[in-house]
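To keep things clear, I will list the structure first and then write my remarks on it.
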Number of protein chains: 2
Amino acid sequence: MQTTADTFQQQKSHLLARTRVIKALAHPTRLFIVEELEKGERCVCDLTAMVGADISTVSKHLSVLRQAGIVEDDKRGNQVFYRLKVSCILNFFGCVESVLNSQRNEALK
Amino acid sequence: MQTTADTFQQQKSHLLARTRVIKALAHPTRLFIVEELEKGERCVCDLTAMVGADISTVSKHLSVLRQAGIVEDDKRGNQVFYRLKVSCILNFFGCVESVLNSQRNEALK
DNA sequence: CGCCTATTTGGCTATATTGCCAACCATGCA
DNA sequence: TGCATGGTTGGCAATATAGCCAAATAGGCG
């Protein structure tokens, strides 16, 4: 049966896929981690020290980013190093900044 | 007192601001709405028909997008039209697509 | 092997998000 | 004024997230 909502239903799985990626970035700690990884790879212990949370918490955040395909890990010795898998994340945030700037200008009106 | 986690703490409010915007996009229905609005303004009733959810649900999604500064509304007659406030959203999604493509390639290995 | 360090996983509680229904508000029009 | 249409808001139940502790796993090294 044809309904008006078909476009949405047809796109749904693709929308969900994209949502999974965006959701992974929708947390301050994970955002911070991504920005830190833009500078180069980091081990879990370094990130944990920077974030100041329990190491298990940071590990879980990294797991979310990994499952979203945003980072990849590399075990060397008894440490695990994480790095960005996709380089365009910076542009990605450019747009978020535009939104924030637009809000700031709005506030000045 | 100086701790290793200072960078994170100093950035925290900015990270939260960005998180608010990203979170607003992290839902399939809202993603769909944003893409639909890229084509032009739409009234709540149109979007509701396309999404196929309760109108109150759609209204709340629009409210989330509005509060994030992503869309703006315009009441005309007894209808409310919504439109994108920021035009760069398309590029924004380009990166998400890169992540998804990279995952697809990964799967073929 | 036994122990230490680094990390992941399980489990639990606290909190946030989602979606529906019902009630309410605003506009247009007979 | 009364009623229909379009939209928002309040409230609630179901579900998903976050963060901590404790337990498990993995590598390095004496």
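So you know, we letter chains A, B, ... as the sequences are listed, proteins then strands, and number each from 1. Just so it is clear, the values below take in all heavy atoms, side chains as well, and ignore hydrogens, waters and symmetry mates.
- If you check every strand for non-hydrogen atoms under 4.0 Å, B:Lys60 touches a base.
- Comparing A:His27 and B:Asn78 by the nucleotide of DNA chain D that holds the closest heavy atom to each, the one mapping nearer the 5' end is B:Asn78.
- Atom CD of B:Gln79 and atom P of D:dG6 are 7 Å apart (whole Å).
- Atom CG in B:Asp74 sits roughly 12 Å away from atom P in D:dT8 (whole-Å rounding).
- Protein atom CZ of A:Arg20 is 11 Å distant from nucleotide atom P of D:dT17, rounded to whole Å.
- For C:dG19, the OP1/OP2 oxygens have no side-chain nitrogen or oxygen of B:Thr57 closer than 4.0 Å.
- Taking 4.0 angstrom as the limit, B:Tyr82 places a side-chain polar atom (N or O) nearer than this to OP1 or OP2 of D:dT8.
- In this entry the distance linking CD1 of A:Ile33 with P of C:dT7 reads 12 Å, nearest Å.
- Rounded to whole angstrom, the span from the CG atom of B:Asp73 across to the P atom of D:dT8 amounts to 7 Å.
- Taking atom CG of residue B:Leu47 and atom P of nucleotide C:dG19, one finds them 15 Å apart after rounding to whole Å.
- Pairing each heavy atom of B:Tyr82 with each of B:Val71, the nearest pair is CD2-CG2, 3.8 Å.
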Take B:Lys60 and B:Ser56 through the side chain to side chain contact (heavy atoms under 4.5 Å, CB included) test and state the conclusion after the steps. CA-CA 6 Å; B:Lys60 278 181 185 171; B:Ser56 71; 5.6 Å; no
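- Relative orientation of the B:His27 and B:His61 rings is tilted, given thresholds of 30° and 60° on the angle between their planes.
- For B:Ile55, counting side-chain heavy atoms from C-beta on, the closest listed nucleotide (D:dG7, D:dC20, C:dC21) is D:dG7.
- Using a 4.0 Å cut-off between a side-chain N of Lys or Arg and a carboxylate O of Asp or Glu, A:Arg18 and B:Glu35 qualify as a salt bridge.
- Taking side-chain N and O atoms only, B:His61 has no distance below 4.0 Å to OP1 or OP2 of C:dT17.
- Relative to the side chain of A:Lys23, the nucleotides C:dT7, D:dT17, D:dG7 differ in distance, and D:dT17 lies closest.
- For B:Phe81 and D:dG7, the CZ to P distance is 8 Å, given to the nearest whole Å.
- Judged purely by atom type and a 3.5 angstrom limit, B:Ser59 has no side-chain atom pairing as donor or acceptor with the backbone of B:Ile55.
- Taking atom CG of A:Leu62 as the reference point, atom C1' of D:dG19 lies 14 Å away to the nearest angstrom.
- Listed candidates were C:dT7, D:dG6, D:dC21. Nearest to the side chain of A:Ser59 is C:dT7.
- Each of A:Ala26 and A:Ser56 was matched to the nucleotide of DNA chain D holding its nearest heavy atom; the match closer to the 5' end belongs to A:Ala26.
- Here B:Arg76 does not reach the OP1 or OP2 of C:dT27: none of its side-chain N or O atoms lies under 4.0 Å away.
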